[in-house]
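The structure under discussion appears below in the form of structure tokens.
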There are 2 protein chains.
Amino acid sequence: MTLEISADKSINVSPEQERALEQRLRAAGMRMTRPRMLLAFLLFRHGDRHLTAERLYEEAKGEGLAVSLATVYNTLNQFLDAGLLRQVVVDSTRSYFDTNLGGHHHFFVESTGELIDVPSKAIQISDLPKAPEGFDMSGVDIVLRLTPKTA
Amino acid sequence: MTLEISADKSINVSPEQERALEQRLRAAGMRMTRPRMLLAFLLFRHGDRHLTAERLYEEAKGEGLAVSLATVYNTLNQFLDAGLLRQVVVDSTRSYFDTNLGGHHHFFVESTGELIDVPSKAIQISDLPKAPEGFDMSGVDIVLRLTPKTA
DNA sequence: ATTTGTGCAAATCGTTTGCATCTGA
DNA sequence: TCAGATGCAAACGATTTGCACAAAT
């Protein structure tokens, strides 16, 4: 399985990258399919990314492989389930997927929809309430909303 | 203008409550209409609330006044614009409206969709990154996600 | 009288699903 | 071979909008 898309278009994937991706997907119990491989490649090739399903879909098309939007959604959800991605809730109208799995927070530029990572060490929380009786605290999400400077 | 809904059903609104509501709406430049008044009453009568448009719609119907869902949405959005409500983004599938305008944060029980206020003093943040060049930080949203205790 | 709000149904948007068809193991 | 993946179009749920009618100033 390679990522050669067509005669005129192909993505340069090194054998190491390919092996790494394959291991990742297999470890999650998934088959290696061409759309899946391409999407994984786009998601993970350049470090941490924040993407909308729609954006990933456009990117895949731009790279020459026409995946359907439904497959992009399905694949993203499988990656989510497999723990390869995280979801970031900042905007009630769309879903963001985050390839950065470490504990961290976000700046959110409302005007552009852009997300920027904030390492968790950059925010020091000295006091946090405990979870109410009967509950565990499963996550702490911090979103720092940004607006273009007015001055 | 009163909130007598029908012959068999009416809501007990004291004249003071009514005046207070009226002032609030007028200050925001809105006319006093029956649906608006009822919704404002339901929203603000019992201190801080977190509501979904759908839930407010059901509540209004239960009180005997059939407002349309579209009007509930429109009214909530107007209240948002007027600064009478805040929006809380915790779930990418629905929007929550919050009558608590003070700075505070939330517990979110994912299993039930319930939101619980956390006063801002309950969370001490000792260090926060500054906004990137050209931006102002317009808000700090903290969501503490809760799951039913597994043990 | 004029402006604004309302209800309804249709439209929209992001996302999911059913099903017939392909494909990887 | 055959479970699992894909594409397409239809289905979906939340929210918005267009328009004719009603109510507030």
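A quick note: this is a predicted structure, and the numbers were derived from the prediction, not measured. Proteins get letters first, then strands, A, B, ... in listed order; numbering begins at 1 in each.
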Length of the CD-P vector between A:Gln78 and D:dG4, whole Å: 12 Å
Between B:His50 and B:Asn100, do the side chains contain a donor N or O and an acceptor N or O under 3.5 Å apart? no
What is the distance, rounded to the nearest whole Å, between atom CG of B:Leu38 and atom P of C:dG7? 11 Å
note: B:Leu69, atom CG; C:dA10, atom C1'; distance rounded to Å ~ 14 Å
Could you tell me the separation between the CD atom of A:Glu54 and the C1' atom of C:dC13, rounded to a whole number of Å? 10 Å
OP1 or OP2 of D:dT6 less than 4.0 angstrom from a side-chain nitrogen or oxygen of A:Thr33, does that happen here? yes
Mark yes or no: B:Arg145 above the aromatic ring of B:Phe107, with NZ or CZ under 6.0 Å from the six-membered ring centre and no more than 45 degrees from the axis. no
Look at B:Ser95 and D:dT15 and indicate whether a side-chain polar atom (N or O) is within less than 4.0 Å of OP1 or OP2. yes
A:Tyr73 side chain N/O closer than 4.0 Å to the phosphate oxygens (OP1, OP2) of C:dT15? yes
Is the closest side-chain donor-acceptor distance between B:Asp98 and B:His106 under 3.5 Å? yes
Taking OP1 and OP2 of D:dG7, is either one under 4.0 Å from a side-chain nitrogen or oxygen of A:Ser68? yes
Under the 3.5 Å rule, do the base of C:dT3 and the side chain of B:Arg31 count as making a donor-acceptor pair? yes
Could you check whether B:Thr93 gets within reach of a base, just the sugar-phosphate, or nothing at all, counting any heavy atom under 4.0 Å? sugar-phosphate
Interatomic distance where CD belongs to B:Glu22 and P belongs to D:dA24 [whole Å]: 12 Å
Interatomic distance where CG belongs to A:Asp91 and C1' belongs to C:dT15 [whole Å]: 14 Å
Spacing between A:Asp81 atom CG and D:dA5 atom P, to the nearest angstrom: 12 Å
Quick check: is B:Leu144 connected to A:Ile125 through a chain of hydrophobic side chains (ILVMFWY, heavy atoms under 4.5 Å apart)? yes
Which part of the nucleic acid does B:Asn77 contact within heavy-atom distance under 4.0 Å: base, sugar-phosphate only, or nothing? sugar-phosphate
Using a cut-off of less than 4.0 Å, is there contact between a side-chain N or O of A:Arg36 and OP1 or OP2 of D:dG4? no
To the nearest angstrom, how far is A:Asn74 atom CG from C:dG18 atom C1'? 12 Å
Toward the 5' end of DNA chain D, by each residue's nearest nucleotide, B:Arg26 or B:Ala53: B:Ala53
Dump the intermediate steps for side-chain hydrogen bond (donor to acceptor under 3.5 Å, both in side chains) on B:Ser138 and B:Asp136, then the final yes or no. CA-CA 6 Å; B:Ser138 54; B:Asp136 286 322; over 6 Å; no
